[in-house]
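Below: one structure, written as structure tokens.
All heavy atoms count here, side chains included; hydrogens, waters and symmetry mates do not. Chain letters run A, B, ... following the sequence lines, proteins first, then strands; residues in each count from 1.
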Number of protein chains: 2
Amino acid sequence: MAQSGQPSTGQNLLFLTDEQVRVGIEAMFFAYRGFTADPDRILATKAYGRAHHRAVHFIHRSPGTTVNNLLAILGVTKQSLNRVLRTLIADGLVSSTVGRVDKRERHLHLTDAGAALERELSDAQRDRMRSAYRAAGPEAVAGFREVLEAMMDEDMRLQYVAMRDKTE
Amino acid sequence: MAQSGQPSTGQNLLFLTDEQVRVGIEAMFFAYRGFTADPDRILATKAYGRAHHRAVHFIHRSPGTTVNNLLAILGVTKQSLNRVLRTLIADGLVSSTVGRVDKRERHLHLTDAGAALERELSDAQRDRMRSAYRAAGPEAVAGFREVLEAMMDEDMRLQYVAMRDKTE
DNA sequence: ACAATACGTCAGCTTTGTTGACATTCCAAC
DNA sequence: GTTGGAATGTCAACAAAGCTGACGTATTGT
């Protein structure tokens with residue numbers, strides 16, 4: 001288990017030592033805090049939480065998505081998601097319409113008010129991310145994404161890639 | 001706010017468009033799920049949670065640290081941390097000793113059992129991280145860390161850098 | 001007709017965050 | 001030397017958001 005840093009193939013594998021990997025783990029931990037900090041601050045003033053942010057983000061991203069679809073992306077139980085959706089619908093931020101071809105499905109859209117909230121939250125999060133991108137430069141960003149993509153569970157990577165390739 | 005991708009300086013800034021940044025945000029979201037998945041699976045079998053993992057990780061990292069110190073690193077309230085520490089101490093995974101120079105402080109250490117749990121959790125998390133590192137390669141890893149470090153809050157970056165430089 | 005699917009809901013539990021109140025210890029000003 | 005404020009840590013109660021399990025309803029498809 002413990003790798004002390006000896007190259008074991010032809011190339012230098014110093015970046016795979018336990019120490020290097022541990023630093024990466026701590027970087028993920030601290031960075032994720034920054035990643036959520038700005039939207040969290042906004043949400044705290046509005047009686048919503050991170051779960052609402054996630055729902056609004058992905059409804060914005062895939063308008064008309066069904067509840068089941070959203071469930072798969074978010075990776076939570078329907079009871080948990082339902083609690084969040086219920087408040088968003090009651091507050092008029094999300095609309096739920098019965099499916100036309102399959103009436104069992106509910107298609108979710110953001111209302112104007114929902115889109116406004118989404119924009120407010122995303123702007124805050126994007127600003128920080130864009131600053132980080134700018135500070136690090138394009139090559140670093142490419143590496144950043146490569147490592148993150150390699151870190152995902154296979155199922156999630158499929159979800160992610162499908163989304164990514166919708167517009168990119 | 002909306003950047004459509006026109007270079008505004010001498011270099012190509014396509015990587016700073018809203019779309020590119022949004023993809024990065026989603027990558028962070030999905031990757032973090034993978035990042036925590038393996039230790040979470042282990043913890044679920046032991047009546048512990050992610051908070052216990054974090055506490056054990058950083059006590060291992062800085063043996064003898066005080067509660068206050070740990071508080072600053074974890075960024076939670078002392079009451080929240082205390083609940084976690086209490087169970088870890090009761091279960092004999094962490095020892096808490098009154099400070100010699102300042103008796104208000106408690107110094108925290110892992111017991112042998114605590115160190116064993118730490119190793120089990122860290123091994124699982126490190127394996128995934130190391131696979132991702134190996135798949136992406138050294139240059140990607142350097143970029144990964146650059147972007148993450150630029151994403152942290154200033155206070156957290158200081159904590160992180162101090163830790164990072166202890167051994168690196 | 002009947003089984004499976006999609007969605008919503010109720011009830012209850014766990015983890016982990018929060019604020020408020022309180023005891024102990026230290027230190028510095030008086 | 002006493003004392004009052006700051007720092008450290010603990011106990012209690014509550015909230016957000018995850019979970020399981022059970023059940024109801026509408027719709028679809030075999």
Side-chain angles (χ1 to χ4, degrees), chain A residues 29 32-33 36-37 39-59 64-91 94-109, chain B residues 29 32-33 36-37 39-59 64-91 94-108 121:
Chain A
F29 171 72
Y32 198 77
R33 288 253 296 281
T36 56
D40 279 357
R41 244 188 304 276
I42 296 171
L43 289 159
T45 71
K46 299 184 195 269
Y48 292 131
R50 211 175 283 180
H52 300 84
H53 181 194
R54 291 199 279 261
V56 164
H57 175 100
F58 285 109
I59 294 172
T65 187
T66 65
V67 173
N68 242 359
N69 232 293
L70 201 48
L71 237 41
I73 289 168
L74 295 175
V76 298
T77 60
K78 64 175 178 175
Q79 294 90 331
S80 198
L81 174 59
N82 186 257
R83 185 175 17 201
V84 168
L85 282 182
R86 196 165 20 183
T87 71
L88 290 173
I89 292 169
D91 294 352
V94 168
S95 74
S96 164
T97 61
V98 173
R100 288 200 314 179
V101 337
D102 187 335
K103 291 179 192 165
R104 291 171 304 180
E105 297 179 337
R106 299 297 133 88
H107 297 283
L108 304 170
H109 293 268
Chain B
F29 172 70
Y32 198 78
R33 287 252 294 278
T36 57
D40 280 357
R41 245 187 302 278
I42 295 172
L43 289 159
T45 71
K46 298 183 196 267
Y48 292 130
R50 211 175 282 178
H52 299 84
H53 181 193
R54 290 200 280 260
V56 165
H57 176 100
F58 286 109
I59 293 172
T65 187
T66 65
V67 174
N68 236 5
N69 231 296
L70 202 49
L71 237 40
I73 290 168
L74 295 176
V76 297
T77 59
K78 58 182 177 173
Q79 294 87 332
S80 195
L81 174 59
N82 184 255
R83 177 167 355 95
V84 168
L85 284 180
R86 197 165 17 180
T87 71
L88 290 173
I89 292 168
D91 294 352
V94 168
S95 73
S96 164
T97 59
V98 174
R100 289 200 312 179
V101 337
D102 187 336
K103 290 180 191 163
R104 291 172 303 181
E105 297 179 337
R106 300 296 132 89
H107 296 282
L108 304 169
L121 295 172

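Between the CG atom of L108(A) and the P atom of dA6(C) there is a distance of 14 Å, rounded to whole Å. Taking atom CZ of residue R33(A) and atom P of nucleotide dT16(C), one finds them 15 Å apart after rounding to whole Å. Following rounding to the nearest Å, N68(B) (CG) and dA7(D) (P) show an atom-to-atom distance of 10 Å. The separation between N69(B) atom CG and dG9(D) atom C1' is 14 Å, rounded to whole Å. Straight-line distance from the CD atom of E105(A) to the C1' atom of dA4(C): 14 Å, rounded to whole Å. Between the C1' atom of dT25(D) and the NZ atom of K103(A) lies a distance of 15 Å, rounded to the nearest Å. Here the C1' atom of nucleotide dT16(C) and the CG atom of L71(B) are 14 Å apart, to the nearest Å. Note: CZ (R104(A)) to P (dG8(C)) measures 13 Å, nearest angstrom.
In this structure, CZ on R33(A) lies 7.5 Å from CG on L74(B), to the nearest 0.5 angstrom. A distance of 8.5 Å separates NE2 of H57(A) from CZ of F29(B), quoted to the nearest 0.5 Å.
Within the 4.0 angstrom heavy-atom criterion, only backbone atoms of the sugar-phosphate kind lie near V101(A); the bases stay farther away.
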Go through it in stages, so that I can follow the logic: the residues are R106(B) and T97(B), the test is side-chain contact (heavy atoms from CB on, under 4.5 Å), and I'd like the CA-CA distance, side-chain angles, deciding distance and then a yes or no. CA-CA 5 Å; R106(B) 300 296 132 89; T97(B) 59; over 6 Å; no
Going 5' to 3' along nucleotides 12-21 of chain D, which nucleotides have protein heavy atoms under 4.0 Å from the base (write B), which only from the sugar-phosphate (write S), and which from neither (write -)? B----BBSBB
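In terms of position along DNA chain D, the nucleotide closest to I89(B) lies nearer the 5' end than the nucleotide closest to the other residue of the pair G99(A) and I89(B).
The shortest side-chain heavy-atom distance between H107(A) and T65(A) does not fall under the 4.5 Å cut-off. Residues N69(B) and L108(B) are not in side-chain contact: their nearest non-hydrogen atoms beyond the backbone lie 4.5 Å or more apart.
Heavy atoms only, all atoms of each residue included: H52(A) and T87(A) are closest at NE2-OG1, 3.2 Å.
Residue N82(A) has a polar side-chain atom (N or O) positioned under 4.0 Å from OP1 or OP2 of dT9(C).
Applying the side-chain contact (heavy atoms from CB on, under 4.5 Å) rule to R83(B) yields the partners R86(B); only residues at least two apart in sequence or on another chain are considered.
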